[in-house]
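This report refers to the structure that appears directly beneath it.
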Number of protein chains: 2
Amino acid sequence: MTTKPYHHGELRPALVNAANAIIRESGIEGLSMRRLADQVGVSRTAPYHHFKDKNALLCAIAEMGFKEQNSMTREILDDPENGNSQAVFNRWVRAYIRFAHENPETYDLMYGREIWKGGTPTPSLQQISKASFRLWVELVAKMQAHGVLPDRHSALRTGQASWAALHGMARLLIDGIYIEREDLEEIAETVVDLLTRAPAD
Amino acid sequence: MTTKPYHHGELRPALVNAANAIIRESGIEGLSMRRLADQVGVSRTAPYHHFKDKNALLCAIAEMGFKEQNSMTREILDDPENGNSQAVFNRWVRAYIRFAHENPETYDLMYGREIWKGGTPTPSLQQISKASFRLWVELVAKMQAHGVLPDRHSALRTGQASWAALHGMARLLIDGIYIEREDLEEIAETVVDLLTRAPAD
DNA sequence: GGCGATATCTTGACGCTGTCAAAATCGACC
DNA sequence: GGTCGATTTTGACAGCGTCAAGATATCGCC
């Protein structure tokens, strides 16, 4: 066995796991440091020796979300089975929306106000989120090269615009405003259609 | 004079005004019922006789935001000076983004998680937000009729998809993630371009 | 093997939050 | 003038994030 910590043993990962479980079933606002500590079986302030802040804890969760999303992206990109580029784009969009739908609370932390406006994103979170965006722009550039996305604008601008569309869809879905779940498939199709069929002239 | 309330006189509007001032300069998380009551000069629980909840207060603020946004939309639609339809669409998009940028906290309440996911939107808020969306779909239909937006999909779907794009842009801007303020103009242009230049084939 | 340093955890406390219950105050109406 | 109901206040409770001190266990080193 590896070097085991002191009283509890692997408290930090236990905290992250428990926190993930809590937000999954009670939402972000259902997560409090005290309740989390209770769940894990330590005292109220024990977590503060592994996370400077509640904000730091939330950043750690968001980070895990980015890692999962990035590996998802890589999977799609590297799959030799995937057909033409348009199909890849389509698959990616669906996967993105599915992730947001299946992990709404994590998604909220990854891109939401709580961390980015209210709190202060951890350096490592900033780093991984930037890397995630770079990955997306990379994919956009490839799509532009294959004629799937228009190349009238730079890959960066096109990436920002198209990500905004995806993000807005995810947000409206998660928050349950203007978009119903059963309409999602059609709306995603519409978004993809609008984005991909804007030829130069 | 109209029927004046008892001790304070017009406490309810005073509360809404003060609340608006507070969120404008301290953000939503800077607004607490107690601080609000202090500001207005009443006791902590006085506001509860005019708003069932903190949630009800927030809904009232969001409602005002929708009213302002709707009147803004009407202004643009009814302006006889506005040129062709494409220009109208453009103006509307810019106005929408400007509103979000100038009233980020109100925008957050209008479309954010706080009310729509966490809390429970007031019936009147639900009503006005739905009306606001209907107005948008109406505009989209007109744009489709004028060939500004593609009519491959229904006005509803096209409206949902395009609103998602706008909303995503607004959110990323407000939360300060992936979109810098100085790039906003170009990104908006890209979004409009992608949306409007997707002809049938 | 013992010891001091250090990481870890606990207990106590502070000020803040939203909001309920009961008491006090006031305006209007019969 | 007395009553009623609307409004406001005071008091209280449970919950929150987190800081400061003290307790405890483990590690590195002699």
Side-chain angles (χ1 to χ4, degrees), chain A residues 1-19 22-23 25-62 105 109 113-115 117-122, chain B residues 1-16 18-19 22-23 25-62 105 109 112-115 117-122:
Chain A
M1 66 200 74
T2 63
T3 66
K4 267 201 170 183
Y6 309 72
H7 307 110
H8 176 275
E10 310 289 351
L11 179 55
R12 195 193 144 109
L15 286 170
V16 175
N17 285 341
I22 290 177
I23 69 170
E25 69 181 39
S26 309
I28 298 173
E29 45 279 322
L31 171 66
S32 79
M33 294 299 266
R34 300 168 102 106
R35 183 176 164 194
L36 172 63
D38 256 28
Q39 193 106 340
V40 174
V42 293
S43 86
R44 295 145 271 154
T45 58
Y48 284 87
H49 293 263
H50 298 273
F51 298 98
K52 171 188 162 293
D53 251 350
K54 184 179 187 182
N55 180 66
L57 207 216
L58 298 180
C59 285
I61 299 175
E105 306 294 332
L109 283 179
R113 171 197 184 93
E114 175 101 43
I115 288 177
K117 181 136 192 191
T120 314
T122 298
Chain B
M1 65 198 71
T2 64
T3 64
K4 266 202 169 183
Y6 306 73
H7 307 109
H8 176 275
E10 310 290 350
L11 179 56
R12 196 192 142 110
L15 286 171
V16 176
I22 290 177
I23 68 169
E25 68 182 39
S26 309
I28 297 173
E29 45 279 322
L31 171 66
S32 81
M33 293 300 267
R34 299 169 101 105
R35 181 178 166 192
L36 172 62
D38 256 29
Q39 194 107 337
V40 174
V42 293
S43 88
R44 295 145 270 152
T45 58
Y48 284 87
H49 292 264
H50 299 273
F51 299 98
K52 173 188 162 292
D53 250 353
K54 184 179 186 181
N55 181 65
L57 206 216
L58 297 181
C59 285
I61 299 176
E105 306 294 331
L109 284 178
R113 170 195 185 95
E114 175 100 44
I115 288 177
K117 181 135 194 194
T120 314
T122 298

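Here is how names work: the chains are called A, B, and so on, in the same order as the sequence lines, proteins then strands, and each is numbered from 1.
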Exercise. Between C:dT8 atom P and A:Leu15 atom CG, what is the distance in whole Å?
Worked result: 12 Å
Exercise. What residues, two or more places apart in sequence or in another chain, satisfy side chain to side chain donor-acceptor pair (under 3.5 Å) together with A:Arg34?
Worked result: none
Exercise. In whole angstrom, what separates A:His49's NE2 from D:dA20's C1'?
Worked result: 11 Å
Problem set entry | Value in whole Å for how far the P atom of C:dT10 lies from CG of A:Asp38 | 11 Å
Exercise. Within this structure, what is the NE2-to-C1' distance between B:His50 and C:dT19, rounded to whole angstrom?
Worked result: 16 Å
For this session: Check the distance between C:dT17's P and B:Leu57's CG and give it to me in whole angstrom.
Result: 14 Å
For this session: Return the set of residues passing salt bridge (charged side-chain N to carboxylate O under 4.0 Å, His left out) with A:Lys117 (not counting sequence neighbours), or none when no residue passes.
Result: B:Glu105
Exercise. Tell me, for nucleotides 13-18 of chain D in 5' to 3' order, what letter each nucleotide earns: B for a base near a protein heavy atom under 4.0 Å, S for only sugar-phosphate near one, - for neither?
Worked result: ---BBB
Donor-acceptor pairs are to be reported for all side-chain atoms of residues 45-58 of chain A against protein atoms at under 3.5 Å, with residues two or more places apart or in another chain.
residue: A:Lys54; atom: NZ; partner: A:Leu31; partner atom: O; Å: 2.9
residue: A:Asn55; atom: ND2; partner: A:Thr120; partner atom: O; Å: 2.7

Exercise. Atom CG of A:Leu11 to atom C1' of D:dT26: distance rounded to whole Å?
Worked result: 15 Å
For this session: For A:Arg35, check side chain to side chain donor-acceptor pair (under 3.5 Å) against everything at least two apart and list the hits.
Result: A:Ser26
Exercise. Partners of B:Gln39 by side chain to side chain donor-acceptor pair (under 3.5 Å), sequence neighbours excluded?
Worked result: none
Seminar exercise, completed: Rounded to the nearest 0.5 angstrom, the CZ-CG distance for B:Arg44 and B:Leu36 is 14.0 Å
